[in-house]
J.: 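Sharing a structure here in structure tokens format.
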Amino acid sequence: MSEKERSLNFLEHIIEEDIREGFPKENLRFRFPPEPNGYLHIGHASSICLNFGLGLDYKAPVNLRFDDTNPEKEEQEYVDAIKKDVEWLGYEWDKECYASDYFQQLYDWAVELIKKGKAYVDSQTSEEIAAQKGTPSKAGEESPYRNRSVEENLDLFERMRKGEFRSGEHVLRARIDMASSNMLMRDPIMYRILHRSHHRTGNDWPIYPMYDWTHGESDYIEQVSHSFCTLEFAMHRELYEWFLDNVYDDGRVKPKQREFARRNLSHTIVSKRKLLQLVKEGVVTGWDDPRMPTISGLRRRGYTAESIRNFADTVGIAKRENLVDVSLLEFCIREDLNKKAPRVMAVLDPVKVVITNYPEGQEEWLDAENNPEDENAGFRKVPFSREIYIEREDFREEANRKFFRLKLGGEVRLKNAYIIKAEDCVKDSEGNVTEIRCTYDALSKSGSGTEESMRKVKGTLHWVSVPHAIEAEVRIYDRLFTDAEPDGHKDKDFMEFINPDSLNITRGYVEPSLKEAGAGERYQFQRLGYFCVDKDSKTGKLVFNKTVGLRDTWAKIQDKN
RNA sequence: UGGCCUAUGGUGUAAUUGGUAACACAGCUGAUUUUGGUUCAGUCGUUCAAGGUUCGAGUCCUUGUAGGCCAACCA
């Protein structure tokens with residue numbers, strides 16, 4: 001990998017500074033620590049790219065660690081989906097870890113804390129504990145159980161572990177400072193009793209450790225050097241370090257937590273809870289619905305891993321609030337697909353064109369370039385005949401000079417084929433055009449080298465031969481929310497901004513080269529956009545997803561009028 | 001009546017740590033084009049405010065202002 005001149009983000013500055021101050025480069029180690037309680041979304045992609053990208057840059061290992069300490073929300077399905085997404089993004093983790101693998105070690109350390117008088121069993125209800133907690137501006141009060149003897153604490157904690165108590169009967173708390181200005185330091189809970197089966201440890205444990213007690217110690221066990229998380233954990237850092245100080249051995253790496261702002265994407269939400277709500281309420285068909293900002297949704301929509309990595313890289317990382325415009329994501333996928341996607345022709349809102357001077361029954365197979373941006377992409381054959389479909393919006397009976405498309409008496413180039421001229425059109429009783437009658441210039445065939453073929457006509461249209469056309473279902477997506485920041489309103493719920501027209505299913509015609517197109521393949525439908533074959537697709541019943549449209553300056557011109 | 005964090009074009013980030021405010025997207029003009037795509041050229045526009053230190057401040061200091069986070073047996 002060539003180390004190109006690039007400015008560093010603030011986290012990289014921190015790492016560089018640590019190295020400068022003597023931290024051994026070979027001890028650098030990172031981790032991506034998802035909780036398996038939902039699917040990964042575009043916001044996580046930033047974190048994945050950050051951590052694994054750092055691993056690549058510093059040639060340091062990166063662990064994939066599941067933060068699975070809450071069996072009430074976590075499931076194996078999510079573990080599998082997360083692994084698939086990280087792999088698909090193109091990253092390789094060093095070790096696959098689970099916080100649940102550290103339950104015994106965590107328990108042993110907790111016993112040590114009790115022995116040192118730094119933890120105690122509290123036997124109050126959660127309401128009582130909450131009431132004593134105080135407020136951000138008012139100190140809390142100490143629990144009546146705070147000064148239990150070490151022996152009693154040890155006995156109680158052991159019995160908690162053995163399952164002798166009901167859920168919620170006791171908790172283990174760290175003994176820190178009920179008057180701290182940091183609420184998290186007011187004797188935080190380390191363990192709760194929860195008789196609930198865990199997706200990996202089954203019924204082995206009736207007690208489960210809390211996030212704060214688990215996360216830093218897991219980093220320490222794995223000897224993670226830099227533990228990056230989102231801003232809302234900033235206040236947890238003090239506790240993270242307090243716990244670490246109580247188990248830390250000289251000579252081992254003491255992990256450093258630093259916080260960055262999560263990335264928000266306009267016109268969508270990046271909250272697992274809210275995404276789950278969309279799934280549960282049937283607003284979308286599932287976590288991988290192509291309208292979802294999940295990695296699996298984007299994948300199904302036709303996004304490439306490279307485009308997402310590039311997006312994450314372009315957005316960068318910092319500490320301030322942000323709302324990244326979706327247009328940047330769209331730019332990234334267009335940029336990538338422009339280089340990679342083969343061009344084909346498809347008509348999604350067809351109107352028939354009859355070329356009256358083209359012999360009935362005749363067909364020709366014309367050469368079409370697969371990708372003008374890729375010299376090695378080659379050519380394919382597309383069939384031409386007397387009757388073709390063009391896009392309904394590409395024809396007007398009359399139009400001004402700005403309309404480069406087909407109008408009565410006007411000429412256009414049919415891509416890869418001939419120049420045609422519209423002579424007449426047929427309409428139904430309601431005035432809708434049902435057929436356009438044209439003549440063609442037989443000498444104007446694309447690539448034939450004739451003088452006529454070199455003629456400049458302003459418009460070029462895509463088309464599909466009627467007798468050769470293959471019908472296909474095309475799913476056209478629009479943004480899921482009508483508001484740029486659906487969850488950014490205090491007085492309105494994000495569900496109020498759901499776009500009722502986010503999915504539009506239509507039937508169109510595609511050229512015959514697409515007959516055997518398989519799931520996941522990506523194409524540019526010329527002049528329309530990028531499309532990919534959905535997993536629902538079968539030969540004989542093709543289904544395409546619209547990934548993103550082409551940049552459309554014509555639409556902009558029309559918007560102005 | 002607290003603590004912590006943040007403030008740079010419309011958006012997202014950068015600025016060799018005190019030395020010409022830059023890059024990408026978006027917008028706008030034009031050129032090229034058998035995709036109104038791509039490409040190319042150009043253009044618009046920025047340091048939250050007020051003081052201070054300094055030859056020199058986006059960067060340091062002071063005081064404000066605005067926004068975010070913190071009172072789950074969630075992570």
Side-chain angles (χ1 to χ4, degrees), chain A residues 6-9 13 33-35 37 67-70 72-74 122 125-126 129-131 133-140 167-173 180-184 186 189-194 207-208 210-212 214-215 229-238 259 261 263 266 272-273 313-325 327-332 334-335 338-339 343 345 369 372-373 402-405 412-417 419 444 446-447 453-462 484 524-529 549-557:
Chain A
R6 199 182 126 244
S7 57
L8 305 177
N9 64 45
H13 280 297
E35 182 192 9
N37 67 343
D67 229 331
D68 56 348
T69 57
N70 184 3
E72 291 188 306
K73 290 184 184 166
E74 294 150 9
D122 197 336
T125 63
S126 66
I129 292 174
K133 197 118 193 181
T135 71
S137 55
K138 197 179 135 240
S167 295
E169 218 172 324
H170 306 279
V171 290
L172 183 72
R173 288 230 252 171
S180 172
S181 59
N182 182 352
M183 300 288 291
L184 290 156
R186 324 246 261 228
I189 292 170
M190 295 170 69
Y191 276 95
R192 61 191 186 282
I193 299 172
L194 194 61
I207 57 172
Y208 289 93
M210 304 293 290
Y211 166 84
D212 288 296
T214 309
H215 200 90
C229 60
T230 44
L231 242 33
E232 65 266 29
F233 291 98
M235 297 301 293
H236 294 246
R237 188 151 104 200
E238 191 181 356
E259 311 82 19
R263 299 2 299 268
S266 78
K272 278 196 271 188
R273 202 200 91 231
D313 201 51
T314 305
V315 167
I317 210 82
K319 291 187 82 163
R320 52 178 153 164
E321 311 277 302
N322 59 83
L323 184 63
V324 183
D325 201 291
S327 67
L328 181 60
L329 216 212
E330 293 177 346
F331 166 80
C332 290
R334 284 194 193 105
E335 181 190 41
N338 178 49
K339 291 178 292 187
R343 273 57 171 171
M345 291 195 285
E369 192 177 15
E373 306 299 317
K402 280 191 175 169
F403 186 77
F404 301 162
R405 306 175 182 193
V412 290
R413 157 74 60 184
L414 291 176
K415 180 82 184 167
N416 305 311
I419 293 171
S444 65
S446 292
S453 72
M454 316 286 249
R455 276 174 55 210
K456 300 286 177 200
V457 286
K458 194 61 186 166
T460 301
L461 306 187
H462 61 279
Q524 185 196 93
F525 288 0
Q526 285 192 113
R527 300 212 303 133
L528 296 176
L550 259 22
R551 211 170 139 253
D552 192 349
T553 43
W554 172 236
K556 280 178 201 157
I557 292 167

J.: Taking only residues two or more places apart in sequence, or in another chain, which ones meet A/Arg551 in a side-chain contact (heavy atoms from CB on, under 4.5 Å)?
T.: A/Thr553, A/Lys556
J.: Could you tell me the separation between the CD atom of A/Glu259 and the P atom of B/C69, rounded to a whole number of Å?
T.: 16 Å
J.: If you assign A/Val457 and A/Ala318 each to the RNA chain B nucleotide with the nearest heavy atom, which residue ends up on the more 5' nucleotide?
T.: A/Ala318
J.: Assign a letter to each nucleotide of nucleotides 21-33 of chain B from its 5' end: B, base within under 4.0 Å of a protein heavy atom; S, sugar-phosphate only; -, no contact.
T.: ---SSSSSS----
J.: With a 4.0 Å limit, can you tell me whether A/Arg527 has a side-chain N or O closer than that to the phosphate oxygens OP1/OP2 of B/G36?
T.: yes
J.: Between which residue ranges does RNA chain B form stems of three or more consecutive Watson-Crick or G-U wobble pairs, both distances under 3.5 Å?
T.: B:2-7 with B:65-70, B:10-13 with B:22-25, B:27-31 with B:39-43, B:48-52 with B:60-64
J.: Classify the side chain of A/Arg405 versus the base of B/G36 as yes if they form a donor-acceptor pair under 3.5 Å and no if they do not.
T.: yes
J.: Please state whether the phosphate of B/C74, meaning OP1 or OP2, lies under 4.0 angstrom from any side-chain nitrogen or oxygen of A/Lys73.
T.: no
J.: Between A/His215 and B/C74, is there a side-chain N or O to OP1/OP2 distance below 4.0 Å?
T.: no
J.: Could a donor-acceptor pair under 3.5 angstrom be found where the side chain of A/Glu321 meets the base of B/G12?
T.: no
J.: Does the ring of A/Tyr211 lie flat against the base of B/A75, closer than 5.5 Å centre to centre with planes under 30°?
T.: no
J.: Write down the distance separating the C1' atoms in B/A26 and B/U11, rounded off to the nearest Å.
T.: 7 Å
